[in-house]
Amino acid sequence: MNLRVKSLRDRLNELNIDALLVTGKLNRNYLSGFTGTDCVLWVGQKKAVFVTDFRYTRQAQKQVQDMKILETPPGKGHLQSAIDSIIDSGIQRLGFESHLLSHYHYELIKKWLKGKGIKLVSVMDVVEKVRMVKSSTEINLIKKANQISMAAFESALKQIRPGIREIEIAKIYEEEASKRGGEGLAFDTIVASGWRAGLPHGVASSKKIKSGDLVVFDFGIKYKGYHSDCTRTLMVGKPSPKQIEIYQIVKEAQAQALKKVRAGVSTKQLDQVARDIISKAGYGEYFGHSLGHGVGLDIHEGPRLAQSQEMLLQPGMVVTVEPGIYLDKIGGVRIEDLVVVTETGHRVLTSYTKEMVCL
Ligand SMILES: [Mn+2]
């Protein structure tokens, strides 16, 4: 039984649609189990249809569960075949992923549906909401991605010294991750040193690391489609009082927010815990991003731990907790853990110390 499809079916009624047309790549793969690329699917209350073409039919027969597999003939697009099968199925209200369907394709669908008595209904983040709560299989894949990533990080860390370039450190991390089974990067590795540590997303550059630099190292990989995400900030040489001060504030904000992560806690409230600590210390305006985000098939997915999102955490969600302070010239600090939400609290996956490490 395909539980993911079942969860989606449970939501169709409240959305007032008979079926959902799924065009987003990660959503298609998530619902069907298919790991290839070209396909479209739709899920109705009684029926689910998966459309691919000759190149993928055999793979789909092996991977796709509880869906009728349709092979689109050469010269006809997947989307059109999917719409044809919808027309034949008696569906009246068809939901589509408005955030993942291009205007061009929307217009095409409208044309194909003309006079067929089917209403197109715009919906958003329906499958994404199902994806937020991970199964134990998914959590194990994220754990594995994280293990590989942490080991690669600890190797790369040993090479940080004055004179080496940020990009060299990033490459060492990336190579070490591949050697251990990593299947690509979750995002461009951030190694941001000195003044560049003040750039929240300072992707590794040719800048040489020097003594007196804080180094923000934000890294993650992919493993069987799932992502890992971690940040540590290292000190090269002797820290200044200001560097120690901002490090300690971020560390405290991270620890206090992390402590409160458990099922039933509001995402907005968690962000507030960290924000209050940083603001009271006088650095509120230098923490210009939200506290964290969900991690799964996508590196940034729901739930967002942010002022703009009021949602209660549920067991099985996997989120980051990553406050930061970013200053001009002096640089910045971010500390990020990847955690699994449980009924009674949370499990931290990222393992490296959060004390200030001076290299
Ligand atoms: Mn992150």
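Atoms within each ligand, like the ligands themselves, are counted from 1 in listed order.
- No donor-acceptor pair closer than 3.5 Å links the side chain of Thr342 to the backbone N or O of Pro315.
- Across Arg161, Lys207, Lys208, Arg196, a single residue satisfies salt bridge (Lys or Arg N to Asp or Glu O under 4.0 Å) together with Asp213, and that is Lys207.
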Exercise. With salt bridge (charged side-chain N to carboxylate O under 4.0 Å, His left out) as the test, would you mind laying out the steps for Lys76 and Asp84 before giving the verdict?
Key: CA-CA 11 Å; Lys76 191 173 185 180; Asp84 284 349; 2.5 Å; yes
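- Take Glu336 and apply the salt bridge (charged side-chain N to carboxylate O under 4.0 Å, His left out) test, not counting sequence neighbours, and it matches no residue.
- For residues 224-265, the set of pairs meeting the ring-ring contact (aromatic ring centres under 6.0 Å, His included) definition, not counting sequence neighbours, is empty.
- Below the 2.8 Å limit, the Mn ion (ligand 1) has as protein N, O or S neighbours Asp229 OD2, His293 NE2, Glu322 OE2, Glu336 OE2.
- A search for salt bridge (charged side-chain N to carboxylate O under 4.0 Å, His left out) contacts involving Lys354 returns Asp337, not counting sequence neighbours.
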